[in-house]
Structure formats: structure tokens, C-alpha cells
Amino acid sequence: MTLETAIAPRPVSRLRKVLRNSGVTLGGLLILIVALLAILAPLIAPHDPYAQDLTQRFLPPFWHDRAVPEHLLGTDHLGRDYVSRLIYGARVSLGVGVGVVIVSGFIGISLGLIAGYFGGWIDMVISFATTIRLSLPIVLVALAAVAMGGASFTTLVTVLGLLLWDRFAVVTRAATQSLRHQEFISGLQAIGARWPRILFLEILPNMRGTILVVMTLEIANAILLESALSFLGLGVRPPMPSWGLMIAEGRENILFDPWLVALPGAMICLLVLAVNLLGDGMRDLTGEARK
Amino acid sequence: MTAPLLDIDDLHVTIPTDRGDLHALRGAGLRLESGKTLCLVGESGCGKSLTAMSLMGLLPRKARQSAGRFALMGTDYAGKAPKAWANLRGRDMAMIFQDPNQSLNPTMTVGVQMTEALRHFEKLSKAQAEDRAIAMLDRVGIADPRSRLGQYPHQFSGGQRQRLMIASALIGRPKLLIADEPTTALDVTIQAQILQVIAELQDELGLGLLLITHDLGVAAAIADDVAVMYAGRVIETGPVAQLFAVPAHPYTQGLMVAIPVPGRTRPGTPLPAISGRVPGLIGGVTGCAFRDRCALAGDGCASDPLPRHAFASGGFVECTRPSLSETRP
Amino acid sequence: MTAPQTAQMTAPRQPMIHLRDLRKTYSVRQGMFGKPKELHAVDGLSLEVPEGTTLGLVGESGCGKSTAMSMAVGLLRPDSGSVSIGGHDLYALPVAERVRLIQPVFQNPRAALNPVRRIGDLVGQPLRLHGGRDIARKAREMMDRVGLPTRLFDAYPGELSGGQRQRAAIARALILEPKVLVCDEPTSALDVSVQAQVLNLLLELKRDMQLTMIFVSHNLAVVEHVSDRVAVMYLGRKVEEAPAPALFKTPRHPYSRMLVGATLVPEPGHPLPAQPKGQPPADPFLAPMGCRFAPRCAFAQPSCAERPAPAITEPARSFWCHRPEAVTA
């Protein structure tokens, strides 16, 4: 139908539209808070997250009778301040999330662009690689990789980055396929533009919205995997404060001091929820619902 | 005098957008007699497709509609519940679209799609309905109709699919057929065939045909009456011969000379183009919507209502220019 | 087929662009294990366009005109045959030189400009890729030249009207000052009033920049208006070539006659063109090795389908037909 010609095309207030979307506002705000905590951790944290004080072990949070005002959310089994550890833990979670997505996004987007643009046997090879990747159980592969490479933040980011590119590849490939027959691509070929330029400078910016949505999904995914792997002892190593690791360490005392598990668990939930809210909201805004 | 088949007056459709209300139809009106063809012509965004959507009850859900008169075969539905009008759809009114793929279900055989409505409305048996479908397919020029009944839409070529659409639309023997750019997507030789089929069937069935097109050639070939739309209003209407011979509205005149016609326009010479562009319809327009592009615009053009001059030969023009009545009967 | 269609034309000047016996075959597999079939998209096409003139290329969908033009601008390599422009073999030239010889303008201005780039950026991009200087100034000049307000320099394509977008696409194609411009249905997606503006612009630019043009369209009236000569294609082959007015007035090939006959003129009173009924367009896979139009031709004899039609040359015109005397009679 021809309505759009009558509606002048310029979007009036993009910002207002974005803010009206509660998912983006709420999710974005929560992520902003967590990001600020992570970045400003040394300034905000009331204590050194590594400082042990064995006389102050297992202090409960502030709503408890035995609480000490100095340790607002109590201390863990080594007497380390829980607030500080949670704040520093945000660094690990966000760091893993962002780091993994940088690696996996680069791999997946490149493969998807190339497969979608060239088609033919190149597409078949890349699609086959994607299928193989989808058949690998992530936790088991990570386990094997960590067993060989040793548990560390870098190993974790590398391994997850090398594993979580499939969704990027699938989405980018589909979007590229629908764009590659547009006339502007032929026009670019006709003015002598080469394929890397066409792929990365011309086609890629057209899928910003879609890729941002996939990014949020994968960040949430990576954060959950980090927690799980750290809990299993395959992620970051103690004494680094990771939320997953904190749950693992608090597990033994879950009966008497349940907050040791509940607090980092709540942080994980909150961050993953926030990232997903943002992703869903953005998907609604960009109208590029694809999975 | 009997009531016209279709009589629409003062039709307004408003669509809320982020930037305010879009007044897509601003008092459009149509009159169509049984057995006649009315061509609704105009450029994209003028509201011609929206008029058809409104008639078929296919407007976007958020659109608001009001009409002074909304009558089919003498019954005015203007104030009545939308349901009453919706019941006419598929029985008394049918529609064909530019893109037949839009309205053919790719997962159902042609036979099932064609007979569904018949069996529902007319309570025909499967065999009776299929006989009707076969006769109809044969009538629109699809060879070997009995075996094709079991095929799926993708097994038909573009032109055949449009024939299929016509057959499906007419199988329920409607009184009114609305065709929205039915041949725009087709090659010229196929276009001629399809128009031929439509015109013949219209004669046989005594159909009223409302044909929407941007192509003045199609209108000239098939119309009895032509209505020219601009910015949500019908600005000029009349019998095809008079309207093409003496177009009265400056916009109609502009359209007529803007297209190259072999033998009439001199090849290689500049075509008289209409400058400027259609005004935005958000927030509404007062006066003549064409005045910014019109060489003859004067002071009177900015105020509502515009004078409407009726011609003795039928039709009218909505324009402030006084001298028109002398040129056209 | 061994006899190429060599047009014996009395070209007044050296051809600026010369397509020689271009062939392109696609192998189409039906289903995963189906036997691949050969589709002759372009089957021995030769065209010559003298400097500063326009050749119109007409034909219906699937006739191979778009494939042929992709080969002419170097986007697609033919299986055999060559393209020379100004005496240079197009496929032997480095890209940087090729792009200064020939540029395309596409049909759909909505899809022809990358939506995420600004207009000024898009117009200047060819220069930037090939190391030009003063790019922004030249882009503004070119925008001015095609009638695009320079205030749109920083606008996105989505903010422009269809006509403005087509102007931007033309500016982008012309900024490298190519010798040949290939326009593939440049006005088909535009409204008639805008179409006139764009056609006028192309005519003006052709004169001012001494452009040689190939103008591809299914709209015969438009082609006649802008072209000096017209070539008609059917299923991958040229069936007739003649000066534009002559082709329209006295088409000689049965297919040209059918096309011209099916074109609707915006003048009432002409009957709908009579078309052979029940004749679906030939399946390109089943097209005979001889005259490909034979299955649809009213004058065809069985022998027509066996051998390629011979060239019939007349002053300034050639067409390929087995039975020219029967057609004219």
C-alpha cells in the first residue's frame, strides 16, 4: 500500500520512542548501574575484596540482628566484605560478557557475511561448520579446553568466544542474503567496490539493529555460562571475585548462611534479566525480530 | 430511477501516526452503476487503494473511518455496525489485487480455495461446487481446468495466477468487483489478455467494476467513467470520453500531458512535467491540495469548501477556475 | 546455433558501445536430484550504439534484457562474446578504467541507494573509490546538475521522494563522467508526473554530456520517446531492430507487432487489443531451437521451430523471421 509516501519519512523523535519502550529503559538503566559499579569499583567498594579477616567470618547482612554496620551485606567464610566482592564481581561478569561477544561476534558476523554474500560452496562450508558447532555441548568442550589450557579469565573468554558465534553467523547470513540482491549492491560492484568493502562497510551497517539484539542475547548467555563454569571450578580462579565462584564458595554454608548464595545469585538474575529486557526492547523497536 | 450499485459520499479515513493524524481520505465520493466500469486513477499516496481497502473492510486496525453515505444497492450502511457491511464481502463484493500471491494460500489446492466460499455461502455439495469452479476456470481461459483444480498456486504462471484470482473472485457471483492494479505486475501482452477477460466477464455477469489504476492507458481502454483522485479527494470525474478529451482540473491536464504517447508527443522533446510534490496529509489540508503545484492558483484556492462544477454530460470538477464550463459539455 | 545475428546497419558513426554475440546460459536444477536444464538467458545478442545516441531495448520479463545489461556494464561475464566500449575490450580493462566508461542506473530507487549512507556521500562515493579530489564540491555540483537541492547533501535516502532518489542515483552514476549510461527501467517505479521529470532530466543530460545510452524498459511509449533506435528481445534473442518511430508505426516481426498492439494508449475509443487466447507464454525451457517465438506466433509453420530465423534487412531496419511476407500480408 502507498501510505508511506504520504507520511513524510523523517522519524520525529527517535529518543522519545526509545524511552517509551519500558524494556529498553528499565534494562538499560540496570545495565548502566552494573556497568558503573564495575568501572568505578575501586572508588565505590567500601573494602578491599581480597582482604581477609578471619575474626569477622560469616557476618550476616544488615537486616539481621547480628549485622555489623561496617559490612552492609556481611562477610564470607574468609571474612571478606560481601558488598565489595559483589561489586568487583560485576567486573568479571560484564568483562566476560563483553569480551566473549567481541570474539564471537567478530567470528560469527564475518562468517555470516561471507556465507550470505558469496553463496555456493563457500556457504555450504560455513553452514556445515555452523552445524558442527551447534552439535558441540558447550560445557563439555569448555571443560576439555580448560583442562588443557588451565582455568583463567583469558581462557574462559577465548573458549566461550570460539563457541558462541553460531547465532551471529546464522542471523548475519540470512540478513546478507536478503540484502545482496538489492540494486545498491550491483551499483557498488559497478563503481568498482571490492567485496570486503561491500561486506563490512556497506552491508554490515544495514544490520546494526539485528546484530545489537543478538549481542544482548549472547552477553546474557555468556554471563550465565561464566557463572556456571566458575561454579564448577572451570572459570575464573579464586580469589578473584566472580558471582559464580561466590555461589560455589557459599554452597557449603547454604543451610546456615543462605545469603552467601542468594546475593550473587540475585545479581546474576538481575543482570541477565536486564540484558534480556534491553534486547527484547530493541528487537521491538527495530522490528527485526529474527532468531 | 433505480439506486446505483455503489454510492459512497464524503468518505473520511484518518490514520493515527507518531507525528499526528494522517488524513488519508478527505471526503472522497464514488458512484457506480451496475454493469459499468469506474476507473479510479491517481498517483501513489492519493488514497485510491485506501478507498478500495475501506470498501472491503480491510483498513489497518487503527484507522478511523466515517462516511456521509456508504451504500450498496440502495442500502445505506453509513451509520450501521461494521458487521453488516462485512457480511457483504465475498458475496456481493469481491476484490482482486495487484499481487495474486497475497490472496492465494500457497498451502491449499486451487480447488479447495475456490470452492470453500461456495460451499459455505450457497451450501453446495463438493461436486456441485467443483463443477462451478471448473466452469469458471474454463471461462477465464485456464486450459484443462479439471486437472488443474488439484494443483497449488505456485504451479501457475503469473498471468495464470491473476486469471485464477479473477475466477475465485467471481465464482460467488458478486455484484461488485473491485480490482486494485490488477495488471500492473504483468507484461503488456498478458495485461491485454487479462483486461479482456475482465471486460468480457463483466458484460456476461452484469458486474459493476471498480478498477484502480495509475495507468491512464488502462483507464482509457476499459472505463465507462473515470474518477481522478488527488490527496485523498476525488477532484474530477466524468465519462471517459469527455474526461480525456477535455480534462478540466489542472492536475488531470498535467497528468495527461506528462506521459509520452507515440504519435502525439514529439520524441526527444521535454515532457511537460508537474513540478513539486504531493503535500503531506498529516494534520489535514484546507482548500485545494493541488494549489502549490498549480500554475493557475489564486486567492480563492486556499479556502474550503471548493466550488464544485457539475457537467451536463455527467461528472464534476472541483476547482475555482470559472471558465471550465465552456470547454466541456 | 552458428549464424550470429549480425545486424547490417548503416551506422553513421563508430559505435560507442558494441556487444558482440553475447551468450549466457544458466544451468537450472529442478529439485535436488533433478537433471540440470540449460536456460539460454541470452543467446547470441549483438547490439551497436553509435556515440551520442540512445538505443531502446524492449521485451517482457524473462527475455534476457537485464542479464544482457549486466554483461554490458561488466557485472556479469558472458559465456562467450565480447563487449567493447570506445574500442576497448571491456572485460580486459582494469576496474578503474571500466567504471569510467559505463555505468548503470537501476529501476528501483528505493533499493539502489544504501539506506545507511547520506546522499552527498553516496553521490561522491565513486570518486572516493577511485581517488578523486575535491569530492564534496564535485558531488554538490553533480547534485545541482541533476536538479537535486544541495540541502539534501546530508539527508538519508529514506528522507527523499522516489524522484529525488532516482536523481541521486543518476548523479552517482554520472560523477565519473562515463561515456555510456545503461538505464534499466529507470522510471518504472515512479509516478507518471515524476516519470516525466526524470525522462526530461535524462534527455537533457544526454545532450549536455554527449552520453551514449541504452534504455531498457517494458514501456514502449517511454522507450519511443527517449530512443533513436529500438531493439526488441524475445527469450534471449533480438527479434527486430529499427528506428524508434518506424518500429512503433510499422513493426515487422510478429512479436514486435504483438507488443505494439498490446500497448494501451491514453485515448479512449480504441478497443482492447485482441490477443490470442489461451496461449500461455512459452516455457523458456521448452523454447524451440529455431524461431523461439514460433509457439506463440499466429503466422508460424512447423518448420519455423526447426531453424533459427534468417535476418531480413531493410534500410535502417533488420528483423529475424521465416515468413516475413505472410506477416506483412
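Below, chains carry the letters A, B, ... as their sequence lines are ordered, and counting in each starts from 1.
Residue contact with chain C, scored on non-hydrogen atoms closer than 4.5 Å, involves the backbone of B/S275 exclusively. Using a 4.5 Å cut-off between heavy atoms, B/A199 contacts chain C through its side chain alone, with no backbone atom that close. Contact annotation for C/L203: only side-chain heavy atoms (C-beta onward) come within less than 4.5 Å of a heavy atom of chain B.
Residue with the most contacts toward chain B among C/A196, C/P268, C/S61: C/P268 (heavy-atom pairs, distance under 4.5 Å). With respect to chain B, the highest number of heavy-atom pairs below 4.5 Å among C/L220, C/V192, C/L201, C/V194 belongs to C/V192. Between chain C and the options B/T269, B/I142, B/L255, B/I222, the largest number of non-hydrogen pairs under 4.5 Å is found for B/T269. Counting heavy-atom pairs closer than 4.5 Å to chain C, the top-ranked of the candidates B/V226, B/V240, B/L243 is B/V240.
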Step-by-step side chain to side chain contact (heavy atoms under 4.5 Å, CB included) determination, B/T189 to C/L259: CA-CA 6 Å; B/T189 55; C/L259 265 189; 4.2 Å; yes
Check the pair C/D191, B/V278 against side chain to side chain contact (heavy atoms under 4.5 Å, CB included), reporting the backbone distance first and the verdict last. CA-CA 11 Å; C/D191 274 321; B/V278 185; over 6 Å; no
Begin with the C-alpha distance, continue with both residues' side-chain angles, and end with the deciding distance and a verdict on side chain to side chain contact (heavy atoms under 4.5 Å, CB included) for B/L271 and C/L199. CA-CA 8 Å; B/L271 295 161; C/L199 290 179; 3.8 Å; yes
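Counting only residues at least two apart or on different chains, the salt bridge (charged side-chain N to carboxylate O under 4.0 Å, His left out) pairs with a member in residues 247-275 of chain B are B/R264-C/E267.
Within the model, atoms CD of C/E60 and CG of B/L186 stand 10.0 Å from one another, a figure rounded to the nearest 0.5 Å. Rounding to the nearest 0.5 angstrom, the gap separating the CG atom in C/N219 from the CG atom in B/D215 is 8.0 Å. A distance of 11.5 Å separates CD of B/Q193 from CG of C/L272, quoted to the nearest 0.5 Å.
For the pair C/H225 and B/V261, the minimum side-chain heavy-atom distance is 4.5 Å or more. Under the 4.5 Å side-chain criterion, counting only non-hydrogen atoms from C-beta, C/E224 is not in contact with B/T265. Contact check for B/P262 versus C/K249: no side-chain heavy atoms found under the 4.5 Å cut-off. When side chains are defined from C-beta on, B/I259 counts as touching C/P266, because their heavy atoms get closer than 4.5 Å.
The two residues C/S193 and B/A258 have their closest heavy-atom pair at CA-CB, 4.4 Å. Scanning both residues, B/A220 and C/V265, for their nearest heavy atoms gives CB-O, 3.7 Å. In this structure, C/A262 and B/V188 approach most closely via the heavy-atom pair CB-O, 3.7 Å. When all heavy atoms of C/L264 and B/A221 are compared, the pair lying nearest together is CD2-CB, 3.9 Å.
In this structure, B/K36 places its NZ atom where only 12 or fewer heavy-atom neighbours from other residues, nucleotides or ligands lie under 6.0 Å away.
Using a distance-only test at 3.5 Å, with no hydrogens or angles considered, a donor-acceptor pair links the side chain of C/Q197 to the main chain of B/I274.
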